[in-house]
Colleague: 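Submitted below is the structure of interest, expressed as structure tokens.
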Amino acid sequence: MTTALGADNAVVEKELQDLATAWLNTLPPKRKEIFLLYFRENLSTKEIAERLNISQKTVQNQIGTSSKALRKKLLVAITIIPGV
């Protein structure tokens, strides 16, 4: 049985997911690749660095930059979505 609250939560979740996907598509290609390898494929920063032939520090910096930007976007979205 789906409640009104459950339906609202599903809508909000979908909107946030769409926002995150749209944001992801604005990232520079290499930063996007690093972000996906880290968060979707659960690779370590060392594994990503080795795979992409870049320094581990670069990977860490790119993940930090991306994560901070995404948090800001989601925070703004959460504060403007009614009922959240």
Colleague: Of all the heavy-atom pairs spanning K32 and N25, show the shortest one and how long it is.
Modeller: NZ-OD1, 2.9 Å
Colleague: Hey, what do you get for CG (L24) to CD (Q17), rounding to the nearest 0.5 Å?
Modeller: 11.5 Å
Colleague: Under 6.0 Å from the CZ atom of F35, do we count more than 12 heavy atoms belonging to anything else shown?
Modeller: yes
Colleague: Kindly compute the distance separating CD1 (I48) from CG (N53), expressed to the nearest 0.5 Å.
Modeller: 14.0 Å
Colleague: Can you tell me how far CZ of R71 sits from OG of S66, rounded to the nearest 0.5 angstrom?
Modeller: 10.5 Å
Colleague: After noting the C-alpha distance and the side-chain angles of L37 and E47, does the key distance pass the side chain to side chain contact (heavy atoms under 4.5 Å, CB included) rule?
Modeller: CA-CA 9 Å; L37 289 171; E47 291 169 320; over 6 Å; no
Colleague: Side-chain polar contacts of residues 55-65 - donor-acceptor pairs under 3.5 angstrom, sequence neighbours left out - could you list them?
Modeller:
residue : atom : partner : partner atom : Å
S55     : OG   : T58     : N            : 3.0
S55     : OG   : T58     : OG1          : 2.8
Q56     : NE2  : T45     : OG1          : 2.7
N61     : ND2  : K57     : O            : 3.4
Q62     : OE1  : R31     : NE           : 2.6
T65     : OG1  : N61     : O            : 2.9

Colleague: How would you list, by chain and number, every residue that makes a salt bridge (charged side-chain N to carboxylate O under 4.0 Å, His left out) with E41, sequence neighbours excluded?
Modeller: R51
